[in-house]
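Okay, structure first, notes after.
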Amino acid sequence: MNIKELDKKYVMGTYGRFPVTIVSGKGSLLYDDEGKEYIDMGSGIAVNIFGAADDEWAKAVTAQLMQIQHTSNLYYTEPCAKLAQMICERSGMKKVFFCNSGAEANEGAIKAARRWSREKYGDGRYTIITLKNSFHGRTITTLAACGQDKLHTDFMPFTEGFVYADPTEIGSVKKLADEHNCCAIMLEVVQGEGGVNTLSPEFIDEIKAVAKEKDLLILVDEVQTGNGRTGQLYGFMNVGIQPDIFTTAKGLGGGLPIGAVVFSEKTENALVPGTHGSTFGGNPVCAAGACNVMERIDEELLSGVRERSEYIINELKGAKGVKSVTGMGLMLGIDPEKPVADIVAACREKGVLVLTAKTKVRLLPPLNIPMEQLKKAVAVIKEVLA
Ligand SMILES: *Cc1c(COP(=O)(O)O)cnc(C)c1O
C-alpha cells in the first residue's frame, strides 16, 4: 500500500486532505514523494514562520533535545522561563501559562475569565460575548465559543455561557452586554477560519467602550494572528487594543506544538495553584523552538512582512477574477470569482500551495519567504484567478 492508501485506511477520516504527500522542505519550498517542488503559501496553517527545516531554529531545538526533552511542570526549566519573559516584556503583559495548542490556550483563557469574575463578583457572571464567524478551536467549550451555527450540531450539549455579537452591527455588543450577565468579550483581530475578516475601527471602539463600562475582560485570540503574522508581533498592536488576556499558538513554536495564555496586570492572579495545568505545557524542546522564534521576530522581520504584504495586495487588488483582498500582513484572503476549490487545485498543479477560508483563497506564507519565490507564487495565483 502506498502512503495515501495507508493513511485512508488507518487514520481517522476527519480531514479532507489534498492529494499530496509532503516528504521534505527547505525554507518556503516543499517537496512531495515524486520530487515535485512547491512554493509554500500556507506555512502549515500559519505555523512554520521561518519555513521548513530552518537551520537556526533546528539547531536551537536539537540542542535542547539532546539536553533534556521533558521534565514535567514539577520542575523549573530555562527555555520555559525565558520564553515567558520575552512574551511578557514585548506585549506589556505580566504572566504566561503554557499549553500545547490553540484550543487548549482558549480553554485556559475562558477558565481564567470565569474564575476572575467569580472571585470579584460572585456566581453567575460567566457569559462570554464572542463574534459571529469566529473560530476558537475544536474542543466542546471552544466550539461553543465559535460564532458559527454549523459547528453547534452533532455534539450536544455544548458548554453554556456564550453569546454572539455581529461585528458588522454597531450596538450588538452593547445589547448582549445589557441582556446577559457577562464577564468577558473574546475576539480575533482578523478572523482567520471565518474568512480573513478584519474588524472596523468603530466596532473595536464599541468593544472597548462596553468592556470599560461593564468591567468585561477583553480576550484576544491571537492563535493565528500572533507571532508576527500581521506585521506586528501581535495582531492587537495594529488596532489599539490592550487585552486583559490573550492566547497564541500556531506560529509560536515555529512548527512545534506550543500554546500560551498571556495575562495582564488585571488578570495575573486569575489562576492559582491547582486551578489549571498541562503535562506537556512549556515543554523544553517546544519552548526552545519558540525562544528562537521570538528572538527573531524583530523590527526587520516585521517590516519585511509588511513589505511582502503590500506587494501581494498591489498585485492582486483589482486583478482579473478578484472581487476583494482582505486581511493584514501575511494573513490575506482573496475573494475569487471562480470556485475556490478549482483555484487551489490549479495552483497546486502549477507548484504553489495555497489555503482556503470559507469561499476565499487564504495566503499565510512563511514570514521570511524570499521575494523571488513570493513573486513567482503570486504570478501563478494571479494567472489562475483570472
Ligand atoms: C487554529 C485556531 C485555533 C485552534 O488552534 P488549534 O491549535 O488547532 O487547537 C483557535 N483560534 C484561532 C483563531 C485559530 O486560527
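Whatever order the structure lists them in is the order used to number ligands and atoms, beginning at 1.
The atoms of ligand 1 that sit less than 4.0 Å from any heavy atom of Asp221 are 10 (C), 11 (N), 12 (C), 13 (C). Residue Glu188 has at least one heavy-atom neighbour below 4.0 Å for each of these atoms of ligand 1: 13 (C).
In Asn106, the part holding a heavy atom less than 4.0 Å from any atom of ligand 1 is the side chain. Under 4.0 angstrom from ligand 1, there are no non-hydrogen atoms of Ala249. Proximity of His136 to ligand 1, defined as any heavy-atom pair under 4.0 Å, is confined to the backbone N, CA, C and O atoms.
In this structure, Arg362 pairs ionically with Glu193, as a charged nitrogen and a carboxylate oxygen lie closer than 4.0 Å.
Closest heavy-atom contact between Val20 and Lys4: N-CE, 3.9 Å. Considering all non-hydrogen atoms of both residues, Val305 and Gly228 come closest at CG1-O, 3.8 Å.
Atom CG of Asp40 and atom OH of Tyr31 lie 11.5 Å apart (nearest 0.5 Å).
Nearest protein heavy-atom neighbour of atom 2 (C) of ligand 1: Lys250 NZ, 2.5 Å. Among protein heavy atoms, atom 9 (O) of ligand 1 sits closest to Ala103 N, 2.7 Å.
For atom 6 (P) of ligand 1, the protein comes within 4.0 Å by at least one heavy atom.
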